[in-house]
Amino acid sequence: MAENLDPLRGRVAWVTGAASGIGRAIAYKLAEQGARVGVIDLAEEAALHVAEKLGGSAIACDVSDAGAVRSATRDLEQRVGPPDILVNAAGIAHGEAVAGHDERSWRRVLDINLTGPFHFTREILSGMMERGFGRIVNISSGSGVRVGAGAAAYGTSKGGLIAFTRGVANEAAAAGVTANAVAPGLVDTPMTRQAMGDAEQLASAARSSDIGNPMGIVLQPEDIAHAVAFLCHPDSRGITGQVLHVNGGSLMP
Ligand code: NAD
């Protein structure tokens, strides 16, 4: 039997954080597989650029702002349609020790990385359940499972996101809606370049024993997009409440 090359034809996918890095690669991948894509990001111009390239629709939205998410939802429902797929990839990195941790930076990390996915899921979940099909994928992190020093806020947001994913998975399971998390290891994106330096420094980190992986590879955003597309595939209907680690083997829970 011929393989269906555009398994997401006729589906609508909303991707947050789709103007850059992992979210952008996911948006391209889902569009390549036939989905009509809503590109959601704080960075308006970059989001427009991505939407233009993949023939989707862009919307500027701060995922931590409940009101902005509500109006973005109404707007995207009109422009691309209600989502069959929601990927929450918008996020920020943050490093700070717990002793003396700044209150505002703690809240900011949780507001974006954890409450952001809650905001979008809250808006779209009942529609997905009524239509009897849905795929929700939250981009967590290996740091949500193994939290290094200085990563308490980030790790808490990403570990919380795994718990949130499982709560959603249980609530929506009987309606044909799955919810899973993808937990990337070290991926070459603007976020990691800013935190860790150029390609050479990333490559050496990938070979180091503390944050590296046995494959010694720096993952690319497309590696994460591939895992997300797998979970969004109509045939992945039996996979829910799971965490798919894509990390070159750095963490084998
Ligand atoms: P990135 O900085 O390249 O992209 C993040 C995107 O999110 C940007 O376009 C940014 O504008 C957007 N964004 C940030 N705050 C936002 C907000 N409040 N509202 C809407 N959009 C917002 O980073 P990335 O590396 O591609 O990260 C994507 C996701 O993957 C994040 O959730 C990150 O925590 C996670 N992650 C990344 C890595 C890695 O190694 N890069 C590893 C594990 C997990």
Side-chain angles (χ1 to χ4, degrees), residues 14-29 38-51 58-69 72-73 76 86-95 105 107-120 137-148 151 153-162 164-165 181-197 199 201-203 205-206 211-213 217-225 227-228 243-248 250-251:
W14 294 8
V15 184
T16 75
S20 174
I22 291 170
R24 181 173 61 186
I26 293 166
Y28 283 138
K29 183 75 176 177
V39 174
I40 302 160
D41 205 288
L42 202 53
E44 189 169 12
E45 231 175 273
L48 274 170
H49 182 68
V50 171
I59 191 139
C61 171
D62 179 344
V63 299
S64 70
D65 178 340
V69 169
T73 298
L76 274 180
L86 169 68
V87 182
N88 288 301
I92 55 169
H94 184 73
S105 62
R107 289 190 188 280
R108 184 87 189 124
V109 173
L110 289 167
D111 283 351
I112 295 173
N113 292 2
L114 178 56
T115 309
F118 157 68
H119 284 154
F120 263 104
V137 182
N138 293 320
I139 307 303
S140 176
S141 167
S143 299
V145 177
R146 187 176 62 193
V147 189
Y154 185 74
T156 300
S157 73
K158 294 300 185 180
L161 189 53
I162 291 172
F164 175 67
T165 304
V182 169
L186 185 64
V187 187
D188 187 357
T189 70
M191 181 190 275
T192 35
R193 290 276 179 128
Q194 198 183 357
M196 301 177 63
Q201 285 164 305
L202 280 182
I211 57 167
N213 58 72
I217 54 169
V218 180
L219 291 151
Q220 295 303 312
E222 292 70 23
D223 295 313
I224 311 306
V228 172
V243 182
L244 180 48
H245 289 269
V246 184
N247 56 22
S250 61
L251 187 65

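Only heavy atoms go into these numbers, but all of them, side chains included; no hydrogens, no water, no symmetry mates. Each ligand, and each atom within it, is numbered from 1 in the order the structure gives. Since this is a predicted model, take the numbers as computed values, not measurements.
Look at Ser140 and you'll find a heavy atom under 4.0 Å from some atom of ligand 1. Asp62 counts as a contact of ligand 1, since one of its heavy atoms falls under 4.0 Å from the ligand.
The nearest protein atom to atom 40 (O) of ligand 1, hydrogens excluded, is given as Val187 N, 2.8 Å; this is a heavy-atom distance. Residue, atom and distance of the protein heavy atom nearest to atom 5 (C) of ligand 1 are Gly91 O, 3.9 Å. The nearest heavy-atom contact from the protein to atom 22 (C) of ligand 1 is Ala90 CB, 3.7 Å. Among protein heavy atoms, the minimum distance from atom 23 (O) of ligand 1 is reached at Met191 CB, 3.3 Å. For atom 19 (N) of ligand 1, the closest non-hydrogen atom on the protein side is Val63 N, 3.0 Å.
For ligand 1, the atoms sitting less than 4.0 Å from at least one non-hydrogen atom of Gly21 are 3 (O), 26 (O), numbered in the order shown with element in parentheses. Atoms of ligand 1 lying under 4.0 Å from at least one heavy atom of Cys61, given by number and element, are 19 (N), 20 (C). Atoms of ligand 1 lying under 4.0 Å from any heavy atom of Ala89, numbered from 1 in the order shown and given with element: 28 (C), 29 (C), 31 (C), 32 (O). Counting atoms of ligand 1 from 1 in the listed order, those under 4.0 Å from a heavy atom of Tyr154 are 33 (C), 34 (O), 35 (C), 36 (N), 43 (C), 44 (C). Remark: ligand 1 atoms within the under-4.0 Å shell around heavy atoms of Ile112 are 15 (N), 18 (N).
Only the side chain of Thr189 comes within 4.0 Å of ligand 1, counting heavy atoms alone; its backbone N, CA, C and O stay farther away. Counting heavy atoms under 4.0 Å from ligand 1, residue Lys158 touches it through the side chain alone.
Residue Asn113 has no nitrogen or oxygen atom sitting less than 3.5 Å from a nitrogen or oxygen atom of ligand 1, judged on distance alone. Taking only nitrogen or oxygen atoms, main chain and side chain alike, Pro184 does not reach within less than 3.5 Å of ligand 1. By the 3.5 Å distance cut-off applied to N or O atoms, Asp41 is counted among the residues near ligand 1. Taking only nitrogen or oxygen atoms, main chain and side chain alike, Ile22 reaches within less than 3.5 Å of ligand 1. Here's the thing with Leu42: one of its N/O atoms is less than 3.5 angstrom from an N/O atom of ligand 1.
The side-chain heavy atoms of Ile139 and Ile26, taken from C-beta on, include a pair separated by under 4.5 Å.
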Test log, rule side-chain contact (heavy atoms from CB on, under 4.5 Å), inputs Val145 and Ile162: CA-CA 9 Å; Val145 177; Ile162 291 172; 4.0 Å; yes

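A donor-acceptor pair is defined here as one N or O able to donate and one able to accept, closer than 3.5 Å; such a pair exists between the side chain of His119 and the backbone of Val63. For Ser141 (side chain) and Ala183 (main-chain N/O), no donor-acceptor pair under 3.5 Å exists by modelled atom type.
Distance CG/Asn88 to OG/Ser140: 11.5 Å, rounded to 0.5 Å. Taking CG of Asn113 as the start and CG of Leu161 as the end, the distance is 8.0 Å to the nearest 0.5 Å. One finds the CG atom of Asp188 at 9.5 Å from the CD atom of Glu222 (value rounded to the nearest 0.5 Å). Between the CZ atom of Arg24 and the CD1 atom of Ile22 there is a distance of 11.5 Å, given to the nearest 0.5 Å. Considering CG of Leu110 and OG of Ser105, their distance stands at 10.0 Å, rounded to 0.5 Å.
With respect to Trp14, the side-chain contact (heavy atoms from CB on, under 4.5 Å) criterion is satisfied by exactly one of Ile59, Val87, Thr73: Thr73.
The heavy-atom pair separating Pro221 from Thr189 by the smallest distance is CG-CG2, 4.0 Å.
Ranked by closest heavy atom to atom 35 (C) of ligand 1, the top entry among Ile139, Val50, Thr192 is Ile139. Selection from Ser20, Gly185, Ser141 by nearest heavy atom to atom 42 (C) of ligand 1 gives Gly185.
Counting heavy-atom neighbours within 6.0 Å of Glu44 CD, excluding the residue itself, gives a total of 12 or less. Atom CZ of Arg193 sits in a crowded spot, with more than 12 heavy atoms from other residues, nucleotides or ligands closer than 6.0 Å.
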